[in-house]
Amino acid sequence: MSSSDSDDPGLTTITVKQLQTVPRPRFTQASDSDSDDEDQPLAQKILQKRKAAPILAPAKQPPSALASDSDSEDDKPLAQRSRPQPSKAVPKPLPARRASTTAAVAAIVAATSDSDSDDDVPLAQKVKAPPTKRPAQATAPKRKPAAHNDSSDSDSDVPLAKKVKSNSNTPAKKENGRVVSTPGKSTTTTSKAKITASTSKATATKTNGKVKVKAESKKSPGSDEMDEEEEGEEYKWWLEQNANDTIKWTTLAHNGVYFPPEYVPHKIPLVYDNKEIALHPEAEEIASYYAQMLETDHAKNPTFVRNFFKDFRAILNRVQPGHPITDFDKCNFTRMYDHFEKLREIKRNMSKEDKQKLKDEKDAIKSIYGFATLDGRKENLGNYNIEPPGLFRGRGDHPRTGCYKRRVRPEDITINIGPKAKVPPPPPGHRWKNVIHDNKVGWLAMWRENVNDQFKYVQFGATSSLKGQSDLKKFEKARNLKGCVDTIRRDYMAELRDKSMAIRQRATALYLIDKLALRAGNEKGEDEADTVGCCSLRYEHVTLQPPNILVFDFLGKDSVRYYNAVPVDDQVFKNIRIFKKPPKTEGEELFDRLTTTGLNNHLKSLMPGLSAKVFRTYNASHTLQEELKNTPANGTIQEKILAYNRANRRVAELCNHQRAVGKAFGTQMEKLQDRIRALKYQRQRMALQLAALDPKYKRKHPAFYTTEGGEEGEANLSPEWNLAHERDLTAKERVRIEAKFEKDNAERKARKEKPLGKADLQAKLNEAVTRKEKLLAKDKLPSVKEFPPLSERSGNLTERLASGIDKITDRIKNTLLQIEDKDENKTIALGTSKLNYNDPRITIAWSKKHGVPIEKSFTRTLRDKFKWAMDVVAK
DNA sequence: GTGGATGACTCAGAAAGCTGGTT
DNA sequence: AAACCAGCTTTCTGAGTCATCCA
């Protein structure tokens, strides 16, 4: 790697505009002074140690796939062993049917009869209709709130925490310094004053940008209208200097949010104690949510069932007093399940036209609700659909999993919009909870979900300038960290021996965050799943393995297991031993003197804007960059992509990004293995044939003639398998011949010709399969001469066979590689790191350098999201 | 200055949906 | 050539992080 500068697009601290003159990374300069591999980021080192063999081996030989994996582990030092099956602690739910989908299908099925009537209405209009059309919604909502909160029946639409605030009837008031106007009035005098003040400030900074592309100047700056469609020049926000990022917008207009369709009762009874019980629609709805999940792991989770049943009963008690349902085990949901299964089936088998229609409708909805106008530019939103009701699918052993997640109504929703923009009308008969004009936040609508009282937002999408800016900021911060990480590391290494326990803990935690890319680890409540990050690690999560190995085993975010045995600095090892000293015991915090706030406050003093998560971004991006240096400069595109994916995988491993092993993984793998066997069998037959023609060949390629040649040779071929395979081939051949015969005859019939008789078919079969079949019936393989893979007529048979064998050998190699790749990817999810941690500029620069089209590494959406990076690297 | 509550945003894996190659 | 399916992409929403406010 000679061209040092171009190798380093991602992690050097520079401003965007200076990009052409990339200074040498600071940490490489530092390398002279420091001992051994001090200059390498810790995470990098550990990764190399963990996975040393495959990645760093200079040899270009194809890794001997499966052989290397399991058996050889024992002689590796502990730290190099791959993690033992990092199984998820949580059972994976099977594909679940979603309420909204099936309801939609039901609606379609129901509507098919009268659907013709409004065919001439333009789509967009049709789409707007639903809110108006919904009969149930026009009247005041009858449905009572979440059953899990028994006390909330009375005024349930107001989340408890907010009640005090929102009860006020004053036309406009300040909430936390935020301007608020009551629904109905879109602007108020107070808010106007406030907004204009901030507006002028913001426009001042923006106009400095100057580079701002035409689109902006086309319209009057204050216009909040949504009508202008500017597809022309796009807005390159990254060319502007962005002084103020606390102001998120100066004008903001949007059409509000889209509500899921109302529940359509199906009137299928619940079978309770073998008797049918007709359910009130409200009870039926929640029962249906459960029924649809019957075949998932959720439905087998006791907490889930308990929570669901409690909420189900609460609703029953209210709407259907005197019902007999008391025992979950006597409930039989299968009839409902079957019903939804049927709907799914119908949806699957929908005609192409109907599917298209559905899609068009969805697109039309998106065209209305999927975009907002931000400072005069149309930008797309992330989520504009209000979450449909259902059962809360908490992950891991979330104590509230299975609770009824209530339908969100306009009365729950706060709209945030520009003061001059038209407030989107709530569905008829409804009102928004609130309308505010807060330009310091980026959301357009907000509500609180009833199960955990959490905030939910409608926000701009990942491709928007707003998100793009903060993305760029994030990666710039990681670059900044690169500039001072050496100092920070020296600091915390020294502090590992500090007299103060608090400082010692802080340094130790920071060491782990830096080295292992752990998350910060905030405290969590009783009513959440028990998962931890660095600061919240407990006694039992780390065990000591002298002399210096720490074994981590805990559930992290999303209850994903983190298991890792790592050699650490001696002082770190000592410290952990101290932190675990009795009387401390299981259940107690390892870092009892440390909080994430404390840690982050300290980090702020080391570098502006620094927080724990920045280390994760930095180490991930840096790992990517380093691993990409293993790209074979003269390799094919395919090989380079492989190298890229491998680097990507290293990052995912570092960050412990996991995924569930697919249901079909085992069978898919077996299929691939079979494919290899079939190829090897074919190769062996050809080799035998060739040996008969050219005895020298056998001496040159002994591996093809034995079952003991390892992966290269014909290992894992057995007489039994060969026989079964040959039978399979023969049976397929027979079917093929018979099918062709039928087809030919059908054609003849169509042409009014005389069809061929049975004798013709028999003759064909005799020629191709009958003899083989007879042999196989006697457990004998057909002799090689009866397996001529190549026509004798076409040239020199010896040569043809030899080249045919070579081709098969290549295919075997490729399949082997495919297996290896698949196996390595079994539990690793690459997407998250690509989307959130890898500085896109690294990938883009790599693409350019190696002549790999960017489409190979970035999908359409990724390219959209990272437009800023593509533009910047291009220069 | 500490510690808890609040709020807004990023990050996360599962599931749905799509696509393109195979049979 | 329709049906299938595996792998990839997108959508969905739950689960984190972290700044800020306030007592």
Side-chain angles (χ1 to χ4, degrees), chain A residues 88 90 92-98 100-101 161-162 165 175-178 246 248 296-298 344 347-348 355 358-359 362 366 382-388 390 392-396 398 400-401 405 416 438 440-443 446 448-449 451-457 459-462 466-467 470-471 474 519-525 528-529 531-533 535-536 556-560 595-601 603-604 609-614 616-617 655-660 662 664-665 667-668 671-672 732 736 822 825 829-837 858-862:
Chain A
K88 294 272 179 115
V90 196
K92 295 294 160 210
L94 295 166
R97 269 58 69 176
R98 312 193 93 244
S100 54
T101 321
K162 274 267 176 176
K165 283 182 183 174
E175 263 182 29
N176 295 338
R178 166 189 291 170
T246 61
K248 299 280 165 80
T296 68
D297 287 343
H298 286 299
R344 253 165 56 88
K347 193 187 175 194
R348 226 192 343 258
K355 274 185 185 159
L358 218 56
K359 196 166 171 268
K362 227 173 121 188
K366 189 182 167 108
N383 59 323
Y384 48 89
N385 288 323
I386 294 298
E387 294 176 16
F392 175 70
R393 294 146 126 99
R395 304 177 185 213
H398 195 294
R400 292 233 239 271
T401 190
K405 194 170 80 168
N416 186 32
D438 185 351
K440 290 186 193 57
V441 295
W443 53 265
M446 183 223 83
R448 291 189 92 153
E449 156 265 6
V451 176
N452 298 293
D453 200 32
Q454 285 185 124
F455 293 73
K456 296 280 189 173
Y457 300 94
Q459 288 171 300
F460 280 98
L466 215 59
K467 298 287 183 190
S470 54
D471 223 30
K474 172 178 77 184
R519 295 187 186 85
N522 285 319
E523 294 301 320
K524 293 190 74 183
E528 296 173 274
T531 63
V532 298
C535 294
S536 49
K557 182 177 179 177
D558 288 311
S559 293
V560 171
T595 63
T596 49
T597 317
L599 176 62
N600 281 337
N601 283 342
L603 291 175
K604 292 269 147 359
L610 187 61
S611 66
K613 81 195 262 287
V614 182
R616 225 164 125 82
T617 314
C655 296
N656 200 41
H657 291 142
Q658 296 194 19
R659 61 173 184 171
F665 183 86
T667 41
Q668 286 167 5
K671 245 187 203 166
L672 285 174
K732 275 189 186 138
R736 203 185 59 80
K822 193 179 169 73
N825 261 339
L830 302 184
T832 308
S833 49
K834 222 177 194 178
L835 196 63
N836 300 304
Y837 288 104
F858 279 170
T859 63
R860 170 88 247 150
T861 25
L862 238 35

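Values below: all heavy atoms of this structure, side chains included; hydrogens, waters and symmetry mates excluded. Within every chain, numbering begins at 1; the chains are lettered A, B, ... in the order of the sequence lines, protein sequences first and strands thereafter. This one's a predicted model, so the numbers in the text were calculated from it and none came from an experiment.
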- Short side-chain donor-acceptor distance under 3.5 Å, A/K557 and A/T531: no
Looking at [N], I'd like to know if its phosphate oxygens (OP1 or OP2) sit under 4.0 Å from a side-chain N or O belonging to [X].
X: A/N522; N: C/dT17; answer: yes
X: A/R448; N: B/dG7; answer: yes
X: A/N600; N: C/dC18; answer: yes
X: A/K671; N: C/dA6; answer: yes
X: A/R519; N: B/dA12; answer: yes

- Message: For A/W443 and A/Y457, take the angle between the two ring planes, folded into 0 to 90°, and tell me which bin it lands in: parallel under 30, tilted 30 to 60, perpendicular over 60.
- Response: tilted
Length of the line joining [X]:[atom1] and [N]:[atom2], which is rounded to integer Å:
X: A/R659; N: B/dG13; atom1: CZ; atom2: P; result: 11 Å
X: A/K405; N: C/dT13; atom1: NZ; atom2: P; result: 5 Å
X: A/H298; N: B/dA15; atom1: NE2; atom2: C1'; result: 10 Å
X: A/H657; N: C/dA15; atom1: NE2; atom2: P; result: 16 Å
X: A/N452; N: C/dA15; atom1: CG; atom2: P; result: 7 Å

At under 4.0 Å between heavy atoms, what does [X] touch on the DNA or RNA strands: base, sugar-phosphate, or nothing?
X: A/E528; value: nothing
X: A/G394; value: sugar-phosphate
X: A/K613; value: sugar-phosphate

- Task: Name the residue closer to the 5' end of DNA chain C, choosing between A/L862 and A/T531 according to the nucleotide with the nearest heavy atom.
- Result: A/L862
- Message: Treating A/E449 as the side-chain partner and A/N452 as the backbone partner, does any N or O pair qualify as donor plus acceptor under 3.5 Å?
- Response: yes
